[in-house]
2 protein chains.
Amino acid sequence: MRGYLRESFLQPVATEVLFAYIYLQPVSTVPRRVLFMKSTPTTISDIAERAKVSKSTVSRVLNDKSVVNKQTRRTVLEAMESLGYQANVFARGLASGRSMTVGVVTQKIGSPFFDMMMQGVIQGFSGTGYSPIFVDGQMEDVTEYKVIQTLLGRKVDGLLLLGGDLSHLDLNDLRNRIPTIVVGKEVPGWDDQCVYVDNVRGAYDATKHLIDFGHRDIAIIRGILHHQDAIRRFEGYSQALAEAGIELDPELVLEGNFTAQSGILAINSLLMRGKSFSAVFCANDMVAYGARLTLQRKGIRVPEDVSLVGFDDQAESAFVTPPLTTVRQPGAEMGAAAASALVSMMEGKPFELPVLRAELQRRESVSKIRMS
Amino acid sequence: MRGYLRESFLQPVATEVLFAYIYLQPVSTVPRRVLFMKSTPTTISDIAERAKVSKSTVSRVLNDKSVVNKQTRRTVLEAMESLGYQANVFARGLASGRSMTVGVVTQKIGSPFFDMMMQGVIQGFSGTGYSPIFVDGQMEDVTEYKVIQTLLGRKVDGLLLLGGDLSHLDLNDLRNRIPTIVVGKEVPGWDDQCVYVDNVRGAYDATKHLIDFGHRDIAIIRGILHHQDAIRRFEGYSQALAEAGIELDPELVLEGNFTAQSGILAINSLLMRGKSFSAVFCANDMVAYGARLTLQRKGIRVPEDVSLVGFDDQAESAFVTPPLTTVRQPGAEMGAAAASALVSMMEGKPFELPVLRAELQRRESVSKIRMS
DNA sequence: TTGTATGCGTTATCAT
DNA sequence: ATGATAACGCATACAA
């Protein structure tokens, strides 16, 4: 029955897992118990018969494109209500060619930042009639291809790419074929179809903040080596240092991979080297958590002995002790803005993407350096 | 065009937001650039023509139900590959009546525990050919109805309810109509279609742990008042107290709503009352974070002065300072088990649900009470 | 304003 | 083993 799904090369759809988030609007008070009981789905034909009109008319009131007689309309609506009609998505999709659904490719579902963006996306599509379908690219461009293929197979009306590693060429082909917007990634030549924050600037601000507080030996725990955001954040860090006339010390540059575990490892190796440092700029908040824990284990206090800055401002960061100073990425806003824009795009309306900024959240993990 | 979506009472589908997570399996090396470029989707008719067979035959190799001549099969497959065929989900769904898709109703996407369950669900469906569609019931049973209605409209082949407030009666109607499994909630009479952990036991263990460490004035910050889990956890707390011969002090029972903010409020009001306490059992980890922060602000140390226990064991809890002692809910395992079981159920195979347990994770937020 | 007829891409039921 | 052909439920161009 579904053997082909596993077997055939042309069915990447196969092992998918669809993940849907549904927003609702107020619905009439249809008797509850009835909802789950009826077993024979009613179709427009049923409605037509009941309302003594043709199927086309029913379809018309359903889509209210062409004008329908007020009275006829009422009759049809009543028939629908009493029969508990619910349109068949498949039939509708087949006939119309549109799915009222858009594909959202994320890089890592379950990670704080992408979750924020997704929340925003969900909100942005709320009430528009479009349903986003989120899929995970798993941070690999090959996977991303497959995933997008699948989405196209599902006949999505538009595409929202959250980050991703697709090349310019491919992106260009893509947007040629279907309305597409990229979120959280700067794509040259896509200025109008792209929402992102300036990671360089965010990292610069964070580092500058540390420098302003008297820190000079500032370590950095980087994100994944080839990851765009990680690269940009490192760039911001370097810039701030250079601007302050502080030479970048390679020994203060640690590798990491955005996990708390990598924060632990990094601090450990830093301590092992015996390098002295008074502050650490982390690739993201999770890394900062790991760093903070290790420091504490070694009897090093935050922020008294070492200051800490994260990136993302995930929900927990305002509540950990001490509350983490971090660069807030307006993930939700980005997602929401992108979603609205995409809707306009799909409907051929003009749209504009806002310029969002990564804002430093000053909390309590940073202190002025003690003059010893 | 989509006006009806907003207007008609019978289109709860309307403002939905679909959220899909797609798993993939290795796919043949189709030339990349081609993937995004072809603009006219090929159909089985195209394949049939190319392979000089009938549509029926093409459909057969697609579904490999009945036997197809080996050679014919090869020809068809080749035609498919060269034409880059991709099945149309709508047509397939319309014709077959099945969607290879299952609805997953969660209570709160974005909250740590439900996220864990979703991860498990995603994993559980991986490779099965079924795609889960997650929808949010927003912790309201009315919303839950609408949401399920929508799912039924989408022709899901099965239903996975993560928590939820549906009544027995409704649940029974539901499972009468479609394969259903409930996760994270105990439903009388559903023993075989239900995966859950014993919240009473988990809370009991946590409280007992505190008592064993010498604590007697143990406060509790409860979850949402009418929330099943919150009620059960309170019950476990009460039981442990009773068993130890400690009288439950109403003044040590605080209200909360599972958020860090409510943890802050609770501790504040507790402190205000001047009640003395040496330990706090929190409804979940987020609440514990809030509690911990407030305690620290007041100069009260954890665990030296006050011990803290959470519930859930969300990802951050092992890395905060001090690492939080908490009751781990095997959310991922629950989700995965439920998913596998549902698949068997939908395919008419026998299945069995495992008995999972909430395990206390002893970390560092609890200490023996100082004998003063 | 309303009805008729056709097509959307598959699956499924017959035949052959 | 394979080929016609009729659904599937809805949208839509075309008539009326």
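Protein chains get the first letters and strands the later ones, always in sequence-line order, with residue 1 at the start of each. Since the structure is predicted, the reported quantities are computational estimates derived from the model, not experimental observations.
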So if I take every side-chain heavy atom of [X] and compare against [options], which nucleotide ends up nearest?
| X | options | value |
| --- | --- | --- |
| B/Ser56 | D/dT2, C/dA12, C/dT2 | C/dA12 |
| A/Leu94 | D/dC10, D/dG9, C/dT2 | D/dG9 |
| A/Val67 | D/dC10, D/dA1, C/dT1 | C/dT1 |
| B/Ala87 | C/dT10, C/dG9, C/dG7 | C/dT10 |
| B/Leu62 | C/dG9, C/dT11, D/dG3 | C/dT11 |
| A/Thr57 | C/dT11, D/dG3, C/dG3 | C/dG3 |
| A/Ser54 | D/dG9, C/dT4, D/dT2 | C/dT4 |
| B/Ser59 | C/dT2, D/dT2, C/dT11 | C/dT11 |
| B/Arg92 | C/dG7, D/dG3, C/dT11 | C/dT11 |

For a quick test of reading the model, state the closest non-hydrogen atom pair linking B/Phe125 to B/Leu160 and the distance between them.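 Residues B/Phe125 and B/Leu160, closest heavy atoms: CE1-CD2, 4.0 Å.
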Nearest whole angstrom, please: distance from the [atom2] of [N] to the [atom1] of [X].
| X | N | atom1 | atom2 | result |
| --- | --- | --- | --- | --- |
| A/Asn88 | C/dT10 | CG | C1' | 13 Å |
| B/Phe90 | D/dA7 | CZ | C1' | 19 Å |
| A/Ile47 | D/dA11 | CD1 | C1' | 16 Å |

Using a cut-off of strictly less than 4.0 Å, decide whether A/Asn63 has a side-chain nitrogen or oxygen near OP1 or OP2 of D/dA11.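 Yes, A/Asn63 has a side-chain N/O under 4.0 Å of OP1/OP2 on D/dA11.
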Donor-acceptor pair between A/Ser82 and A/Arg50 side chains, under 3.5 angstrom: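 Side chains of A/Ser82 and A/Arg50: pair found under 3.5 Å.
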Less than 3.5 Å apart, any donor N or O on the side chain of A/Ser54 or A/Thr57 sitting next to an acceptor on the other?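 A donor-acceptor contact under 3.5 Å links the two side chains.
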On DNA chain D, compare the nucleotides closest to A/Lys55 and B/Val53; which residue's is nearer the 5' end?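 Upstream on the strand: B/Val53.
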Any heavy-atom pair between the side chains of A/Lys155 and B/Asn88 that's under 4.5 Å?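 Yes, their side chains come closer than 4.5 Å.
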By the 4.0 Å heavy-atom rule, please label B/Ser45 as base, sugar-phosphate, or nothing.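 Touches nothing.
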